[in-house]
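Here the structure is laid out as structure tokens; the discussion comes afterwards.
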Amino acid sequence: MTTEHDAGLAAERTRLSWRRTSLTATGVLAIGVFRLLLPHPSGPTVAGVVLFALCWLGLVIAAQRRISSLSTAGPRTAGRIPLILALLVTAGAAASLLVLG
Amino acid sequence: MAPTLQRIQTVVRQWFDPNEMDEGGHQPDYRFSLANERTFLAWIRTGLALIGGGLAIAAFVSPLRLPYLREGTSIALLVLGAAIALRAVDHWARCERAMRVGAPLPRSRFPAFLALTIAAGAIILAVLILTSGLS
């Protein structure tokens with residue numbers, strides 16, 4: 001293996017970073033889901049948590065796609081995935097506003 | 001007005017894919033690209049943490065004695081979290097572009113702004129809670 005093509009652990013570290021991000025999002029989703037387990041969640045609260053769960057699903061799928069593309073030889077740059085991720089997080093924040101209701 | 005609009009258009013297009021944007025410049029060492037990506041992800045997690053805080057307040061804190069304190073705190077955390085996420089993708093794209101054309105990495109006041117905002121917010125919240133009595 002030449003130094004030029006030595007990937008080192010950069011791709012591995014980046015994969016782990018995506019996994020951590022998925023895990024963080026899952027932790028945040030758990031907060032919302034716990035709220036639904038308490039008695040009498042209001043309509044907007046349920047809607048907010050459901051919408052947040054959809055954003056979470058999108059985030060996990062995006063992360064998974066990026067992780068698999070990092071696993072192939074010659075990793076490519078992330079392309080549009082960062083934008084998609086940022087928009088999903090923003091949408092998740094908007095959905096969380098409903099939980100207040 | 002037109003140049004402003006054009007600049008906004010350029011910035012937004014850059015978000016979509018900074019590498020498609022620049023015909024000039026060259027592909028940077030991808031290890032640097034991956035490091036940039038990890039920094040972006042760290043910011044996303046920071047944003048998610050603030051959103052988690054806002055969501056936890058919305059979900060579990062019952063209305064406080066001070067009107068709107070609960071709503072205000074929750075909304076502030078959620079807005080800050082969303083702002084961090086959007087700023088993260090902007091900064092990621094700028095860094096990617098700078099590395100491509102060999103320019104210095106963009107400087108940013110955002111970390112300082114964020115630190116001061118969070119510190120000020122925490123102090124204000126502590127004062128409000130202490131002066132109003134815990135409810």
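Keep in mind that what you see is a predicted model, and the values were worked out from it rather than measured. Lettering of chains follows the sequences in order, A, B, ..., and the numbering in each one begins at 1.
- Residues B:Glu37 and A:Trp18 bring a donor and an acceptor atom of their side chains to less than 3.5 Å of each other.
- Looking at A:Phe52, only its side chain comes within 4.5 Å of chain B, counting heavy atoms on both sides.
- With a 4.5 Å cut-off on non-hydrogen atoms, B:Glu71 touches chain A through its backbone and its side chain both.
- Between the side chains of B:Arg7 and B:Thr4, not a single donor N or O lies within less than 3.5 Å of an accepting N or O.
- For chain B, the option among A:Val99, A:Thr90, A:Thr21, A:Val89 with the highest count of heavy-atom pairs below 4.5 Å is A:Thr21.
- Contact annotation for B:Ala56: both backbone and side-chain heavy atoms come within less than 4.5 Å of a heavy atom of chain A.
- Looking only at distances, a side-chain donor or acceptor of B:Thr73 sits under 3.5 Å from a matching main-chain atom of B:Leu69.
- Between the side chains of B:Arg94 and B:Ser108, no donor-acceptor pair is found at a separation under 3.5 Å.
- In this structure, a donor-acceptor pair under 3.5 Å is present between the side chains of B:Arg38 and A:Thr14.
- In this structure, chain A has a heavy atom under 4.5 Å from the side chain of B:Ile44, while its backbone stays farther away.
- At a 4.5 Å heavy-atom cutoff, A:Leu29 makes no contact with chain B through either its backbone or its side chain.
- In this structure, B:Phe40 and B:Trp92 have tilted ring planes: the angle between them lies in the 30° to 60° band.
- Chosen from B:Ala59, B:Gly52, B:Ala85, the residue pairing most often with chain A at heavy-atom distances under 4.5 Å is B:Ala59.
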